[in-house]
Enquirer: 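Questions regarding the structure given below will be posed in turn.
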Amino acid sequence: MATKEEPLLKVNNIEVIYEHVILVLKGVSLNVYEGQIASLLGANGAGKSTTLKAISNLVKAERGEVTKGTVEFDGKRVDRLFAPALVKMGVIQIMEGRHTFEHLTVEDDLLTGAYTRGRDKKGTKEALEKVYTYFPRLKERRNAKTGYISGGEMQMCAIGRGLMAKPRIMLLDEPSMGLAPLLVEEIFEIIVKLNKEEKVGMLLAEQNAAMALEYAEYGYVMENGRVVLDGDAETLSDNADVKEFYLGLTAVGKKSYRDVKHYHRRKRWLA
Amino acid sequence: MGRKLSFTIFALVLVASFILSSGQAMASEEKKPEQFVGLLAYRTGPFAAGGSGLTSGKEDFMALINMRGGINGKIMYKWEECETAYNAARGVECYNRFKNKMFKVHPESTGITYALIPKATKDKIVVISSGYGRADASDGRVFPWVFTIPTNYWSQNTAKIKWIAMQEGWDGKDMSTIGKYLKGLKIANLHIDVPYGQETKPILDAMAKKFGFKVRHFPVPWPGIDQKAQWMDIVRRFKADWVINRNWGVSCTVPLKEAARLKFPSNRILGVWWCGAEEDVLPAGPAAKGYYSTNFHGVGRDFPIIKEVVDKVYGAMKGNISFTRVGSVYYNRGFVAAIVDHEAILTAHKKFGVKVLTGEEFRWGMEHLNITKERIKEIGAEGLMQPLKTSCADHEGGGMVFFQQWDGKKWVSTGDVITPMRKFVRGMIEKSAAKYAKEKGITPRTCK
Amino acid sequence: MAFFFEVLITGLMVGIMYSLIALGFALIFKASDVFNMAQGAMSLFAGLALVGFLHQYMHLPLWLALLCTVGVMTIWAYVIVFVVLKPLVNRPPLMLFMATFGVMYLMEGIGQSIYGTQAKGLNIGIPDNSFEVAGIFMSSFDLFFAGVAAVLVAGLIWFFQKTRNGRALRAVSDDHEAALSVGIPLLKAWYLTWIIAGIVATVAGVAWGTRLGVQFSLSYIAFKALPVLIIGGLDSIPGANRPLFQALRSVRKRDS
Amino acid sequence: MFYRECGNFKDNYASDMAIFPIPLDRWGFIVMLFMAFVIVPLFASEYLITNIIIPFYCFALSAFGLNVLAGYAGQISIGHAAFMAVGAYSSFILYGRYGIPLIPSILGAGVITAIVGTFFGLPSLRIKGFYLAIATLASQFIIEWVIVHVQWISGGVFGTIEAPDMYLFKLWAIDTPVKKYYLSLCILVLLMTIGKNLVRGQLGRNWMAIRDVDYAAEIIGVNLYRDKLTAFAVSTFYAGVAGSLITFCYVGSANIEEFNVMTSFALVGMIIIGGLGTVLGSFFGAGFFVILPIAINQSLGAFMDVVPSDILSNIESIIFGGLIVFFLIVEPYGMARLWHTIKDKLRLWPFPY
C-alpha cells in the first residue's frame, strides 16, 4: 500500500478523559491512508470504541474530552470540531451495537444519513439507490420499522446510512458483534466491496481478530488504552502473541483443550 | 472544575450578601411616631389580580392620610409588604416577620386566616378578615381577636336568597311571605371544590329546607378551568333557575362563557363577591354582560375620597398601582378596609389618647366602632361603604350586601343593599362558634 | 340520547383543547427526553405576549401580532436550549426536568413583570356564538379551535414524516448519539423542537386565553393536560391528540 | 492541611464503617450539633427560630424522606407533599381527638402515612420513570380530594384544623418557639441518625441496587417488590412526621392548600438541587427552597420605594428560577456533590498530586 504519502487520517498521541476523572486513552497514535482498511484489535475495554469516538468527536457527547494530542483529517486538525462538522467532511462512524432509529422505517433511517447533504434531493436519491444495490435486503424491507428488523439487517442499515453521507472514511465499531458467522462474512464482504468500489477508507474496531485480519490491510493492537503493536495484517497474523491472545492459536495451530498447557504465556507488552 | 468552583463560591457570596443587606434594610430606624402596618400581599400567582388591588387600595388610603398630615395630624402610617403568594406557610412567615411591630393583620386568604387565628389570639393582634375566613368568627365571644367586618359568607348567602326572591317578585320586606316566592325554585350552587367553596353549603341547605326551594351543589375541581360538564348538568339536567357562582380567580370567568354557550341567561347568575371584579368578567367579553354579583362596598371612582386620592396621591405620583385600576373592585375593597381600620384607630384615640396604638387598644376601637351614615358622608365615602356598628359580641358589624351588575364595560350598582337574615345567620354562627369553643376548650367571654 | 351525544361532543371539544397543551409536552419529551414543566408557562407567556402586541402595548394587526409572538417564543427557545439545556447535555433526565422547573419560574416572573398580573381579555375576532344542531349546542369557537388543532396536528405529522428536518428530529428522539453520528447537530434539533413547542404553546395560549382570559392560571392547565398525555402516550405525537379519551371520561363522570 | 486521614490505617471494621472517617468531620459534626442544641436557642431571635430554622428542619426531614425514595431507591415521586398532609391531619386526629400522647401521635402519624404511602407505592411494582412520576402525581390529587371531602378528616366544611395546645407527658406545655424548636430538633436528629444508618445498611444497598439496574438487582437476590415498597414506606414515614411537625411547630393549623402540588415540586427540587442520594443534600436543598425565597423577599423589601411592588414580587420568582438553573448548570449533581468536591480538594491540599 502507498505508505509514503500523507495519511488521510492521522491520530497523534491522543489522551481521552471521561467525566474529568477516568483516563481511558493514554496516548494512542494511528494512521489510516486513503482507501485503506485498517483494523483496531483489542479485548473488551481496551479503548477501541473510545478511539473511534475520539476521532469522530462523539466522545464529547459522552462527557469525555480529548485532553492531549491531535487528530488530523485530510491535513486539517479536526479534534476541536463538532461531530456533525466531521460528518460533513466525510468521517462517519458506524456505532457499536447497531444504533438504528427504531421508530423510523428503514428508508427513513437511511435518509437521515443524508442529512448533511442539505437539500440535495437528486444526490440523495442516487445515494439511496446505490445503498439499495449494495444491500438488496434493505430494499425489500424499506417500509419496515427498524426496530423490528433482524440484527444483520440493522447492521446493514447502519452501514448504509453511513454510506448516504458521502463518506471518505468510515469508522466501524464492531460490525460483527452478535451476528451469525455467515452474516459476519457477508457484511465483511460488503465492507471490502465498498472500500474497493467507493474508495472509502475503513477503520475497523473488532474483537473478532481473525475476521478483521483476514480483510484488513493493516492492524493495530490495543490494550489498556494504548496501541501496543501494529503492523501489516500478515505480520500481525504471524505474531505469536496475537495468535495466542486474539486468534486462539498457538505456535502449532489449533489444539484441543486437553493438550493446553496449564500455564499462561505472558504478554510481552504488559502495559 | 476549579472555575466552576469559584463560580459557585461567587454565587454563594452573592446570596449571602443579599441576606446581609436585607438585615441592614430591616434595621433602618424611624424618626417620628409611626403606626406600623404589615401588609400580607399576593402579587404573584393565580390570584395576583385580587392581591395587588387589595393591597394597593390600602396603601393608597394610608398614603392619603399621610399626605393629610397623618392620623389625627400626629401619627404617620408606615407600611411594609410581604409576599405570601397565597400560601399559608409563607403567610405565617410574613406574620411572624411583622408581629412585633404590628397591631392588626389582614391575612387576605382563608387559609392564612385559619393559621393566624390562634397565633394572633396569643400575640394580641387583631385579625380582620373582610369577606373571607371563618364565618363563625363573627361571634366575638369565642373569637375576641377576629373581626369579619363588614360581613361574612353566610350573611352574604342569606342576602343572596332574599335578593333572588325579590327578583321573583317578593317585596323585600315581609319575611313571612318570602317562602311563597322561593318555593320550587331551583338554585344551583356552583362552587370551587376547596374548603372555601364548600363553606356555604350548610347555610344554603338550611335555607332550602326552611323556605322550600331546591338547591344542588356542583363542585368544580380546582383550579376550575374547565366546567363544561358541570354546566351541562346545571342547564340540561337540573334545569336551574338561578346559579350561584362561588368560585375564585379563573374559575369565576369560565361559568360566564359556558352559560353563554348553552344559552343560559347571564342575568340569572349571581356571583360571590370574589367573583365580582373587573378581572373576572373582562376575559369573558360580551358573555358577561348582565351578570350579577354581590359586593360589600361601592365601585368606581365617583366618591369624594377616591377623587381626593386621584388628585393628591396620584397627582404627586405616589400611587401604588397603575392608575387605570383606581376605583376597580379589588382596589375599593382594600380601600374600604383601610377606612374601617382608620375609623377604629380614631375611635381608640378618643379613649386612649393620640398615640401609637397596641393591638389591645386597637381591638377596643374595633369593638366600639360606630360608623354612621353621617360619618360616612363626612369621610366622603357615601355609597362606597355601609354603616357599621360593632359590639363585643358582634364582630361583623354591618352585614349589608350590595348587588351590582356588569353592563359590558363596568360594574353598575343595582341599588339593592340588602340586610341579611341576621337572626338566622347569627344562630348558625353561634352554634358553630360554640362547637369550636368546645373543641378548643375556650370559655366564651361574657359580653354585657 | 341527545344528552349523551352532547356530553360526548362537549367532551371531545374539551379534549382537543387539552391536547394542544399535551402536544407540546410530547414534542419536547420525544426530542430531548425532557419532561417540560414549563410548557404551561410557555403558553402563559405566549398569551401575554400576544395580548401585549395586540391590545396592551401595541395595536398590531392580528397576523403581525401572531408572528411577533412566535418570534418571542423563538427567542425563548434559543435561550432555553443554549443557556439552560446545552450545559446539561447528557445529564440524567431528572436534572433537565428540574431545570425546566427553574425556567417555569423565570418565565412566569418575567411575563408577569412585563405584562402585569391582571387577567386580560384576548379577542382575536373569532365569534363565540353557539348554535343548535339536532338539539345539541355547538360553539363556533370550539369548532374553530378544533379545526386549528386538526390543521396543527396534520401539519406536524407532515413535517415529521416528510421533511428532512422532521426526520432528523425523529432520529434525535430515538437515539441522540446515533443521530449525532450521522451528522445531525443535536442542539439545532433541540432548538427546532423548542421552537415548534413554542408555536404549539402559542396556539394553546391563544385558544385557552380567549376562553379564560390571559392570566396566570394558563400555567396550571399543563397539569390538567397530563392525563391526556399519559393515556395518549408520553412519547407519541399523534397520541397526544387522542381527545376521545377525554370525551369518554366526561360521559362516564356524568352517568355515575 | 489538617483535613485528611494519614494513610489507610483502618484495622477494624468499626473504623472502616465509621460515618465520619476524618476526625475533622467528626469534630465539625459535633460542633454543628452543639450549635443546634445550645447556640441557636440561646442567641437566635424568635423570628429566626420559628420561621427559618423550624421549617428548615421539617423540610429537611421531608426531603430526606423523598431522597430515600428518589435518590436511593430511584423511584421518583411528585406527590410527596400530599403525604405530608396525611401526616399532618392524622397526627392532629390522633392527638387532638383521641388524646394519644404527643410523641406517639407524631410517630403514629408517620406510621399511618407509611401505610398510605405503601399503598400508593404499589404502582411502582409495574411502572417506572416518568410514568411512575405521573402516577404519584395522581396520588397527590387523590389524597387532596379525600382530605377535602371526607369531613371526618378535615374537620367540617372549613377544611382546616387548628393545632391543639401541645403537652409532653401531659405536664410540659410546648408553647414557646424554643420548646417547639427542641421538639423538632430532637425528632430530626433521632430520625436522621436512624435514616443515615438505614441507607448505609443492607436495605440501603438494596435500594441503590434497585436504583441502578433493577433487574440486575433482582437477579442477585434483592426482593424487588419488598424493597421498593419499604422504600415507599420509609420515605412516606419521614414525610408524615415532617408534615405533622410543620403543622404542630410552625404553621399551627393543618391546611390542605399548604401541601399542594407546588410543594411537591419544591420537594423534588430540594433533593435535586441539594443532591440526590445524600443525607447532606436534603439539608442543602431544604435550605435552598426554604431560606432563599424568604431571603430574596426580605432583601427585595429594601427596594420597595424604588421599584413598584408588583414587579418586585415577580422579580423574586425570576431570581429564584434563575438560581435553580444556575445551580443545576454549575453542579448538576447538587450542592452536596459540590461540598464533596471541596472536601476532596481539601484532602489533597496543598499538594494535589
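Numbered from 1 within each chain, the chains take letters A, B, ... in sequence-line order. Bear in mind that the values here come from a model prediction, so they are computed numbers and not experimental data.
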Enquirer: Identify which one of L52(A), L58(A), L171(A) satisfies the side-chain contact (heavy atoms from CB on, under 4.5 Å) criterion when paired with S181(C).
Expert: L58(A)

Enquirer: Above 12 or not: heavy atoms from other molecules or residues under 6.0 Å from NZ of K60(A)?
Expert: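 Enclosed.
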
Enquirer: Measuring heavy-atom distances to chain C, does K53(A) have an atom under 4.5 Å in its side chain, in its backbone, in both, or in neither?
Expert: side chain

Enquirer: Considering only heavy atoms, which portion of Y115(A) lies under 4.5 Å from any heavy atom of chain C: side chain, backbone, both, or neither?
Expert: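 Contact with chain C: backbone and side chain both.
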
Enquirer: Just by modelled atom types, is the E102(A) backbone N or O under 3.5 Å from a matching donor or acceptor in the D174(C) side chain?
Expert: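 Side chain of D174(C) to backbone of E102(A): a pair is present.
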
Enquirer: Taking side chain as everything from C-beta outward and backbone as N, CA, C, O, which of these in T112(A) sits under 4.5 Å from a heavy atom of chain C? Side chain, backbone, both or neither.
Expert: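 T112(A) touches chain C through backbone and side-chain heavy atoms alike.
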
Enquirer: With P84(A), which of L180(C), I184(C), L187(C), V182(C) fulfils side-chain contact (heavy atoms from CB on, under 4.5 Å)?
Expert: L180(C)

Enquirer: Are more than 12 heavy atoms from other residues, nucleotides or ligands located less than 6.0 Å from atom CZ of F82(C)?
Expert: yes

Enquirer: Any idea which heavy atoms bring R170(C) and D108(A) closest together, and the distance?
Expert: NH2-OD2, 2.8 Å

Enquirer: Calculate, to the nearest 0.5 Å, the distance between atoms CG and CG belonging to D175(C) and D109(A) respectively.
Expert: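 The CG atom of D109(A) is 10.0 Å from CG of D175(C), to the nearest 0.5 Å.
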
Enquirer: Is any side-chain heavy atom of F101(A) closer than 4.5 Å to one of V172(C)?
Expert: no

Enquirer: Of all heavy-atom pairs between A171(C) and L104(A), which one has the smallest distance, and what is that distance?
Expert: N-CD1, 4.3 Å

Enquirer: Output yes when a side-chain donor or acceptor of R164(C) lies under 3.5 Å from a complementary backbone atom of G118(A), and no otherwise.
Expert: yes

